[in-house]
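Reviewing the structure listed below.
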Amino acid sequence: MAIPTTTPQLVESIEQFDDSVSWVNEILASHTDDHEDLPTSDLVVVENHITQLLTALDLASEDTSSQLERIIDDVSRGIPRLAYDLHFMKDGAATLQASLVGVLQRSKDAIPKETSVALDDLHHLDLVKRRMEAAREVLREAESWSTLEHEVTTLIGEKSYGKAAERLSEANKSMVVFQNTPEYDPRRTLMVNLQNQLEAALSTALISAINSQDWAACKDYFSIFSVIQREPEFRNYYYGSRRTPVITFWQNAILSDCNGSLPTTGDQHPQYFPDFLPKFYTNFLSLVNTERISISSIFPDPTITLSQFISSTLASLQPTIPHRLASFSSHHGDSSLAQLIPVLRATEEFATNVEKVMEKIRYSSSPMTTARPSAVDKPQSHRRKSSRMSISLRPGQHRPLTTNSSSNVTEPLESMEWDQELFQPFIEFQVDYAALEKRYLEQSLHDIIANDTRDKTQAVDRPRLFRERAIDIFGVADGSMNRCQNFTHGYGASGLVQTLDTFFQSFIDSWTAEIQSETSNQSSLIKNALSQTELADLDYSAEDWSNIQLALHLLGSARTVFDRLTTFEARLRSYLSQIAAQFRLFSNDPINFMTAPTRGETQLLEQSTLNSAELHSLLISIEQDSIPRESQTPFSATFRNQAPAPPSLPDPLLANSRQALYNFAQTCQNSTANTILAPLRNHLAGYASSAVWRSQLDPTTTISSNELRVPTFSLSPSETVQRIAEGLLNLPRLFEVYAHDEALAFSLQTLPHVEPETLQHLSDQSQEMPTQQSHRRRPSIARPDGIDSEIVSSAWLSSLGHTFLEHLTSNVLPSIQQLSYGGAAQLASDLEYLSNIVRALNVEHAALEQWKVYTSMNDEVGSKALQDMYAESSNTNTILERVGKMRGWC
């Protein structure tokens with residue numbers, strides 16, 4: 001039982017069964033019987049058959065739903081008039097009944113009694129005659145069936161196959177006479193046996209005619225097979241005989257990258273599958289061109305017949321195409337994507353050439369055949385209900401069936417079977433494109449690293465190596481767009497973006513982890529002469545200068561990689577725009593604009609999981625980003641009177657890669673900050689354990705020679721804080737030296753303790769700076785990115801200041817165990833002095849101010865503030881509580 005092609009046929013076939021399971025099993029079982037000679041491809045064939053069955057069910061469901069909606073609408077409109085119509089019909093029926101009674105009575109009165117008796121006798125005689133004629137026909141059929149076997153056997157022995165077929169056809173028409181009688185089953189068995197005998201007698205002659213290319217005899221045999229209802233068997237004989245050379249060519253091929261290492265036989269040598277496949281397709285195409293003429297001479301439906309011939313040939317290949325593709329992909333491993341692309345391109349070229357042959361057959365058909373297909377063609381209007389989103393964003397729109405634009409002839413669905421049969425083995429790999437692309441990129445990167453002949457034990461310039469590796473990976477990634485287009489025709493764009501983003505992110509993250517662990521070991525490879533010149537008074541060693549220089553060089557390399565990433569992302573966005581335009585054209589005009597070279601491959605890709613909501617969301621966002629903001633239609637009238645919004649950059653495609661690069665830059669910035677602040681932190685090593693914090697002497701008074709306490713009006717900061725202050729004040733000199741280095745301006749937003757509002761504040765301060773103060777600084781250096789060097793230096797100084805104060809207030813000051821009155825006064829003086837110093841660097845630190853305020857309190861005020869804090873349990877100040885424990889307030 002084949003899949004019904006129309007909704008009435010589908011409903012009728014379903015009604016023949018008690019449940020849906022029996023119906024599905026019957027269809028699959030009948031299809032399996034038709035392919036008993038293909039045991040190795042049963043699963044693929046059954047899967048394809050199930051797909052067609054699901055499509056037919058979807059169509060039937062959609063048509064039934066549409067008809068039900070129309071019926072409901074008609075009933076809804078007719079219900080209000082139903083009562084009126086029923087009443088009107090009742091009155092009319094009553095009137096008609098009365099009229100009929102009157103007419104009947106008048107007719108009876110008008111006919112004499114003798115005439116009525118004569119008419120009854122004539123009716124009785126006519127009935128007897130018709131029944132006798134029916135009985136005579138039955139007797140003739142019985143006599144005909146009694147001699148049927150002898151007549152047909154005699155005709156077959158005389159090789160009068162046509163007369164035997166006509167005799168069987170006449171007998172088959174009379175089978176309806178014996179329907180629902182005990183004679184039906186024996187006569188049906190006899191009919192089948194005689195048809196089998198005729199087919200067996202014809203098969204030898206048919207094969208001989210096919211081999212001798214006697215197309216006239218083949219056409220006569222086709223008519224005989226059609227008369228005895230054995231047309232599918234004729235096609236099987238024809239297809240099996242004509243496809244033998246192609247199948248033999250396929251089976252005898254010795255492939256080194258599919259079947260493994262095979263021994264050579266005779267003059268045959270192993271060859272590569274990409275080299276063999278074009279030869280096979282050339283041989284196959286030559287056969288198709290030959291069959292174009294012969295099939296047109298034999299069959300009434302040459303287009304469908306040629307499609308079925310190609311499909312049956314592809315399904316008969318041993319080993320199957322999916323098996324060889326799987327073996328081929330497994331052989332090449334991670335680089336299988338690059339090897340599969342030429343195989344797919346060869347297949348697409350073959351499909352394009354076959355499509356030209358199919359067009360020749362359609363154009364050579366007679367006008368009558370073109371305008372009114374025969375009953376064998378059975379073209380049906382076909383609407384496919386897709387579960388995927390449409391790029392046209394018009395829900396509910398159905399694409400029309402693919403038609404020939406020149407002749408405006410609806411293309412039968414059966415003529416696309418060969419196309420889908422040809423590309424079905426590739427769809428599994430196309431759906432898995434993202435994983436194949438990822439494996440290919442990782443393998444390419446591994447090859448690049450493996451080709452590096454440097455001795456890893458020797459010194460390596462890490463920043464330069466990072467830039468070189470970035471050039472290599474971007475070079476490899478440049479070909480990914482071509483691979484995506486050639487292998488998936490744009491349907492793998494979503495997977496491409498995710499794969500590239502993950503690939504770049506993993507590469508940069510590996511370098512981030514490596515730099516975090518190896519920066520200190522590799523820092524001595526870079527020398528800096530500044531340590532012996534103008535900045536020799538700064539408290540940095542040669543290793544510290546090397547660490548600073550290394551971190552800046554790595555930050556500069558990150559900036560270079562970021563520029564390359566931005567350029568690559570622009571190319572990727574341009575490629576996605578082309579895909580979006582192509583899909584838009586296909587959605588508006590699927591006949592003239594296909595996404596793939598052939599209709600079958602286009603349909604398979606459209607129905608695959610590649611055609612996902614993520615893909616269409618990506619393409620829609622790309623299209624929206626390409627439209628200028630001023631030309632976009634406002635969402636509502638509320639926004640029409642508002643000023644246009646400033647242009648904004650589109651969301652980055654490779655967001656994770658950018659974030660990974662920012663993390664790498666932040667790692668370099670942290671390394672630079674740690675190296676710069678290392679001497680200052682060293683000064684604080686013994687600050688918390690100083691004995692001055694426990695001193696009982698009042699530092700605000702001095703003792704004279706006669707032991708009199710003389711009050712002093714100011715308290716000097718400690719020597720440690722003075723040296724720290726000198727180091728902080730020397731930081732601007734350091735950044736004036738590096739003002740020309742563009743690496744400092746990269747990724748300022750990732751600097752520790754620097755928020756976007758801080759950068760904006762620094763920019764405003766730089767613009768409002770009085771001109772009389774400009775002589776104290778070097779002139780501003782204009783950078784390509786538009787960021788002034790003053791802003792860059794201020795951002796770094798602010799970050800360094802906050803980082804140092806965060807270390808001071810979080811790690812050093814809480815480590816002080818006890819704080820006497822004199823120690824508190826000294827600490828308050830130190831913090832006051834340090835606060836004034838950091839304000840010169842545009843740094844304001846809230847925690848430092850709190851430490852300064854709380855340490856300067858006397859015992860009475862401090863105890864009261866601490867009690868008030870405990871009274872308000874919801875507002876706990878850890879700094880006040882810590883100072884209270886040091887001072888003994890709690």
Side-chain angles (χ1 to χ4, degrees), residues 335 337-338 341 345 391 430 433-445 447-448 466-509 511 556-586 595-596 610 612 614-629 647-662 664-665 746-747 784-785:
S335 61
L337 176 60
I341 290 177
R345 294 293 295 272
I391 191 66
Q430 290 172 320
Y433 162 74
L436 293 175
E437 181 68 38
K438 180 180 179 181
R439 291 167 52 189
Y440 179 81
L441 292 175
E442 292 177 350
Q443 179 63 32
S444 300
L445 179 60
D447 294 340
I448 292 173
F466 180 52
R467 294 192 300 270
E468 291 178 354
R469 285 288 172 268
I471 294 174
D472 293 335
I473 68 165
F474 281 111
V476 172
D478 279 336
S480 59
M481 290 172 279
N482 291 332
R483 290 190 294 272
C484 177
Q485 183 63 29
N486 293 333
F487 198 62
T488 67
H489 303 285
Y491 283 95
S494 177
L496 170 66
V497 174
Q498 297 175 4
T499 300
L500 289 174
D501 199 13
T502 303
F503 175 63
F504 292 144
Q505 179 188 11
S506 60
F507 168 75
I508 298 173
D509 286 345
W511 270 88
S557 298
R559 182 190 183 94
T560 303
V561 174
F562 180 81
D563 293 340
R564 287 188 173 273
L565 181 63
T566 304
T567 303
F568 179 84
E569 188 172 323
R571 293 198 299 271
L572 180 60
R573 188 176 296 275
S574 176
Y575 167 68
L576 295 177
S577 299
Q578 296 176 6
I579 295 178
Q582 179 184 3
F583 276 48
R584 180 72 63 181
L585 291 174
F586 171 69
T595 55
L610 289 176
S612 60
E614 291 79 6
L615 172 64
H616 293 289
S617 299
L618 173 64
L619 298 183
I620 290 172
S621 64
I622 292 295
E623 283 192 330
Q624 292 176 349
D625 293 340
S626 63
I627 301 176
R629 182 174 294 274
S648 59
L649 295 177
D651 294 335
L653 294 174
L654 308 176
N656 294 332
S657 301
R658 291 197 177 200
Q659 185 59 45
L661 198 55
Y662 289 142
F664 178 84
F746 176 64
S747 188
D785 52 14

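Remember, predicted model here, so these are calculated numbers, not experimental data. Numbers here simply count residues along the sequence, with the first being 1. Atoms considered below: every heavy atom in the structure, side chains included; atoms not considered: hydrogens, waters and symmetry mates.
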Check your understanding: Do Tyr575 and Cys484 come close enough that some side-chain heavy atom pair is under 4.5 Å?
Key -> yes

Check your understanding: Got a sec: does the CZ of Arg345 have more than 12 other heavy atoms crowding it under 6.0 Å?
Key -> no

Exercise for review: Mind checking the CG-CG spacing from Leu576 to Leu653? Nearest 0.5 Å is all I need.
Suggested key: 6.0 Å

**Study point:** Arg439, CZ: over 12 other non-hydrogen atoms inside 6.0 angstrom
**Key:** yes

Point to revise | Atom pair CD (Glu437) and OG1 (Thr502), whose distance is rounded to the nearest 0.5 Å | key: 12.0 Å

Exercise for review: Identify the heavy atoms of Ile508 and Ser657 that sit nearest to each other, and give their distance.
Suggested key: CD1-O, 3.8 Å

Check your understanding: Should Phe503 and Phe507 count as side-chain neighbours, where that means a heavy-atom distance under 4.5 Å?
Key -> no

Exercise for review: Write down the atom of Ser494, the atom of Leu618, and the distance for their closest heavy-atom approach.
Suggested key: CA-CD2, 3.9 Å

Exercise for review: Indicate the atoms forming the closest heavy-atom contact of Asp478 with Arg571, along with that distance.
Suggested key: OD1-NH2, 2.5 Å

Point to revise | Contact summary for Phe504 and Ala477, nearest pair of heavy atoms | key: CZ-CB, 3.6 Å

Point to revise | Over all atoms of both residues, closest heavy-atom pair of Gly490 and Ile579 | key: CA-CD1, 3.6 Å

Review point. Tell me, do Leu572 and Val497 make a side-chain contact under 4.5 Å, heavy atoms counted?
Key: yes

**Study point:** With Phe466, the side-chain contact (heavy atoms from CB on, under 4.5 Å) member among Thr560, Ile471, Val561
**Key:** Val561

Check your understanding: Got Leu441 and Ile473 here, is their nearest side-chain heavy-atom distance under 4.5 Å?
Key -> no

Check your understanding: Where do Phe583 and His489 come nearest, in terms of heavy atoms and distance?
Key -> CE1-O, 4.0 Å

Review point. To the nearest 0.5 Å, how far apart are CD in Gln624 and CG in Leu619?
Key: 11.5 Å

Point to revise | Exam field: side chain Ser574 to backbone Ala570, donor-acceptor pair closer than 3.5 Å | key: no

Exercise for review: Mind running side-chain contact (heavy atoms from CB on, under 4.5 Å) on Ser480 and Leu500 for me, showing each step along the way?
Suggested key: CA-CA 8 Å; Ser480 59; Leu500 289 174; 3.6 Å; yes

Practice item. Could you tell me whether the side chain of Asn656 and the main chain of Asp501 form a donor-acceptor pair under 3.5 Å? Key: no

Practice item. Find the distance between OG1 (Thr567) and CZ (Phe474) and round it off to the nearest 0.5 Å. Key: 8.5 Å

Practice item. To the nearest 0.5 angstrom, please state how far the CG atom of Leu654 sits from the CD atom of Gln659. Key: 13.0 Å

Study note, to complete from the structure: Value for CD (Gln582) from CD (Gln485), rounded to nearest 0.5 Å, stands at 5.5 Å

